[in-house]
Number of protein chains: 2
Amino acid sequence: MTAIEIPDGSLFGLNNLPYGVFSTPGTAPRVGVRVGDSVVDLAATLGDDVFAQPTLNAFMAQGHQRWVEVRERITELVSGDVPEAAVHSVDEVTLHLPVEVGDYVDFYASEHHASNLGRLFRPNAAPLMPNWKHLPVGYHGRAGSVIPSGTDILRPCGQRKAPDEDAPTFGESKRLDIEAELGFIVGTGSELGSSVPTEEFAERVFGVVILNDWSARDIQAWEYVPLGPFLGKSFATSISPWVVPLLALEAARVDTPEQDPEPLPYLRESSPWGLDIDLEVELNGEVVSRPPYREMYWSPAQMLAHMTVNGASSRTGDLFASGTISGPERDQRGAFIELTWGGKEPLQVGGEERTFLQDGDEVVLRATAPGVGGGRISFGEVRTRILPAKGTEK
Amino acid sequence: MTAIEIPDGSLFGLNNLPYGVFSTPGTAPRVGVRVGDSVVDLAATLGDDVFAQPTLNAFMAQGHQRWVEVRERITELVSGDVPEAAVHSVDEVTLHLPVEVGDYVDFYASEHHASNLGRLFRPNAAPLMPNWKHLPVGYHGRAGSVIPSGTDILRPCGQRKAPDEDAPTFGESKRLDIEAELGFIVGTGSELGSSVPTEEFAERVFGVVILNDWSARDIQAWEYVPLGPFLGKSFATSISPWVVPLLALEAARVDTPEQDPEPLPYLRESSPWGLDIDLEVELNGEVVSRPPYREMYWSPAQMLAHMTVNGASSRTGDLFASGTISGPERDQRGAFIELTWGGKEPLQVGGEERTFLQDGDEVVLRATAPGVGGGRISFGEVRTRILPAKGTEK
């Protein structure tokens with residue numbers, strides 16, 4: 001038996017306890033919880049097969065009461081001694097995609113981001129569409145290309161057409177971008193024909209990950225009318241491997257910015273689900289932006305209520321993301337298209353001018369929030385490297 | 001042992017052999033094949049557990065060569081005597097959703113439909129967007145709300161705003177509509193970072209279903225800018241229970257209409273995958289439209305090539321649909337918004353004027369194609385009834 005050490009100032013203390021799916025050499029992926037710099041094997045310590053699965057889905061499907069109980073049980077467990085064989089150093093495990101994703105929906109909930117993109121994509125029109133302040137605008141993305149941190153991505157190819165060209169051409173995206181977001185994972189779904197009121201958010205949503213909604217702006221700009229983004233987004237969406245339980249975010253809850261006009265009744269909240277979470281965007285080792293989640297106009301509880309108000313069902317493992325998180329300041333923008341104003345105002349990164357991403361670039365997104373009882377908790381990171389487009393490697 | 005009777009003129013002869021998932025009272029859903037008016041239990045006759053599953057996914061994942069072999073084996077089998085217990089009358093079985101859907105993508109491949117919708121949704125602009133003839137426009141839909149024929153749907157509620165209103169209101173959709181489409185089911189997927197060339201279509205795609213892409217036009221019109229349709233579509237998508245193997249459609253292959261401008265190389269085809277399939281739309285027992293699939297501008301092989309050209313992965317069970325099938329004639333349009341020109345030109349159905357769907361209405365979509373060796377084959381039907389919105393039942 002061994003005691004689990006939690007280094008002073010660790011962002012993975014007992015008030016965090018995020019879940020993930022890990023493996024060690026020669027063993028199958030299974031559920032673990034992160035404590036300090038250790039990963040505790042839950043199947044081995046709790047003796048429950050629901051944790052011997054390669055995803056969190058079976059555990060999540062057991063529902064909110066069970067999530068509370070297991071969190072209490074883990075807290076007790078890791079405060080005492082645990083079997084040595086059930087504890088691994090986080091450096092020695094491989095982390096996998098933590099959930100089998102059902103449907104993936106991406107929202108567009110930052111007023112600063114939506115306004116910036118409106119100005120860039122539709123310079124001759126009002127930056128926000130008339131519907132934007134009445135409903136959380138969103139669309140379905142590709143669930144099958146959600147990948148975990150550490151998976152490199154190939155630069156995508158596709159059709160793009162510059163405004164001064166007569167016809168589209170095919171080739172590598174020249175405007176490869178990120179979108180720094182949070183992703184919310186549905187733990188218990190809802191039936192076809194029913195809706196999830198905002199009050200049920202905490203009962204339904206299991207936890208939160210950092211999400212990078214990779215975007216090829218040139219492909220997106222040409223394809224997106226009238227049915228929305230498709231290939232400009234579907235080549236990859238990266239998420240962090242640790243799912244921070246919603247139960248760990250009580251101290252991060254804040255009011256959303258004032259919503260004017262007042263939303264329709266089904267979007268009103270009796271208690272706030274704005275979240276005071278700080279993100280950072282790192283390019284090649286240098287932090288280039290610090291997007292503040294607390295600035296998001298629509299809350300995730302409003303997103304889930306909207307997504308199901310028409311009777312659409314939801315399932316364990318559904319993932320819905322916030323949309324790019326951008327604050328009011330330039331260095332709070334969560335995408336390079338905004339940070340460099342469409343590529344016209346390059347950033348200085350590592351002594352070089354940068355607009356969109358280059359082959360070999362590495363992007364890391366991180367996030368932290370206030371923890372219950374003080375201190376901060378971490379969401380870990382999403383780390384991704386850009387490889388050259390296929391067929392163009394030397 | 002018993003011989004399987006195939007009635008003269010049956011559209012489910014040996015040149016069709018569609019697969020489905022069925023159950024009889026007290027038994028678990030499993031894979032069957034339809035022959036005449038019988039359903040043959042494949043697990044019971046072929047003794048292979050891959051058919052004892054509740055979806056076709058495991059069988060589909062075995063790949064094209066296996067699909068060919070099983071089709072030959074079934075042809076031999078049902079030409080001789082089979083165990084009586086393995087044969088059920090189609091009237092005595094329950095049919096289930098035949099596949100576990102991975103990602104669901106909806107295209108927009110009919111020039112007639114896209115032009116009609118353009119005129120209706122954007123009356124002051126060119127009906128087709130500049131990208132439309134360069135790529136098959138598409139978007140992701142909600143996989144979790146794909147339901148089988150026979151599942152009633154509730155009228156959806158949501159936000160809608162008439163052009164003459166200042167603000168949106170919440171309530172039942174007043175413009176509930178269908179979209180008559182075909183759906184293509186991916187049998188063997190492709191890795192992240194790879195693309196599926198048009199030549200691999202027949203190797204990758206297992207079969208075809210009829211698909212009804214339910215649409216709430218008032219919700220859709222208010223929400224769809226700039227990220228595309230969302231709640232106007234996500235409440236339900238109905239598919240037919242019988243998956244017609246692509247192998248049964250050799251006699252239906254035709255050239256697509258001329259594509260001008262010539263598509264980029266990745267969208268060109270070395271052999272045609274236009275399909276001469278006739279659909280019919282029935283409302284309350286009366287056929288109101290006969291959409292011809294052969295008029296579709298983009299072929300399904302082009303859709304799959306486009307969907308993966310950016311390196312997006314595909315998976316067994318992915319479903320991609322054609323978009324509404326509309327021909328050049330008024331009585332060939334596959335949606336009521338077109339048939340009634342936005343509700344301004346009502347149809348006469350059963351002695352009543354009809355624009356959009358009313359509670360209690362029943363819609364049936366059917367399709368047939370020329371069969372190999374002569375005669376026609378049927379896709380069966382998608383039958384759905386509209387129930388009143390929740391909370392509004394008397």
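What you see is a predicted model; the values in this text were computed from it and never measured. Here is the naming used below: chain letters follow the sequence lines, and residue numbers restart at 1 for every chain.
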Check: Relative to each other, are the rings of A/Phe230 and B/Phe107 parallel, tilted or perpendicular (30° and 60° limits)?
Finding: perpendicular

Check: Is A/Ser313 reaching over with its side chain to a backbone N or O of B/Gly144, donor-acceptor style, under 3.5 angstrom?
Finding: yes

Check: Which bit of B/Glu100 is near chain A, if near means a heavy-atom gap under 4.5 Å: side chain, backbone, both or neither?
Finding: side chain

Item checked: Contacting moiety of B/Tyr266, where chain A heavy atoms sit under 4.5 Å -> side chain

Check: Is the number of heavy atoms from other residues, nucleotides or ligands under 6.0 Å of A/Glu191 CD greater than 12?
Finding: no

Notebook entry, point to check: At their closest point, which heavy atom of A/Gly193 faces which heavy atom of B/Lys390, and how far apart are they?
Noted result: O-CD, 3.2 Å

Item checked: Near-ring test A/Tyr139/B/Tyr139, centroid separation under 6.0 angstrom -> no

Next item on the list: Write down the atom of B/Ser234, the atom of A/His140, and the distance for their closest heavy-atom approach.
Entry: CB-CE1, 3.9 Å

Next item on the list: Looking only at non-hydrogen atoms, find the nearest pair between B/Ala143 and A/Asp103 and report the distance.
Entry: N-OD1, 2.9 Å

Check: For B/Phe170, is it the side chain, the backbone, both, or neither that has a heavy atom closer than 4.5 Å to a heavy atom of chain A?
Finding: both

Check: Is there any residue in residues 122-131 of chain A with a non-hydrogen atom under 4.5 Å from a non-hydrogen atom of chain B, and which ones are they?
Finding: A/Arg122, A/Met129, A/Pro130, A/Asn131

Notebook entry, point to check: Checking heavy atoms, do the side chain of B/Thr169, its backbone, both or neither come under 4.5 Å from chain A?
Noted result: backbone

Next item on the list: Heavy atoms only, distances under 4.5 angstrom: which of B/Arg315, B/Arg155, B/Gln159, B/Met307 has the most pairs with chain A? Name it, please.
Entry: B/Gln159

Check: Among B/Val309, B/Ile153, B/Thr308, which residue forms the greatest number of heavy-atom pairs with chain A at distances under 4.5 Å?
Finding: B/Val309

Checklist line | Toward chain A, the part of B/Leu192 with a non-hydrogen atom under 4.5 Å | finding: side chain

Notebook entry, point to check: Where does A/Leu135 contact chain B at under 4.5 Å (heavy atoms): side chain, backbone, both or neither?
Noted result: both

Next item on the list: Looking only at non-hydrogen atoms, find the nearest pair between A/His134 and B/Ala167 and report the distance.
Entry: CE1-CB, 4.4 Å

Next item on the list: Find the one option among A/Ser195, A/Pro229, A/Gly138 whose heavy-atom pairs under 4.5 Å with chain B are most numerous.
Entry: A/Gly138

Notebook entry, point to check: For B/Pro226 and A/Val137, which heavy atoms make the closest approach, and how far apart are they?
Noted result: CD-CG1, 4.4 Å

Item checked: Which portion of B/Ala236 sits near chain A, non-hydrogen atoms under 4.5 angstrom -> neither

Note to self: For the interface with chain B, which of A/Ser173, A/Gly158, A/Gly141 has the highest count of heavy-atom pairs at distances below 4.5 Å?
What the structure shows: A/Gly141

Margin query: Using heavy-atom distances under 4.5 Å, tell me whether B/Leu231 contacts chain A through its side chain, its backbone, both, or neither.
Written below: both

Item checked: A/Pro156 versus B/Asn310, closest heavy-atom pair with distance -> CB-O, 3.6 Å

Check: So which part of B/Ile219 gets closer than 4.5 Å to some heavy atom of chain A, the side chain, the backbone, both or neither?
Finding: neither

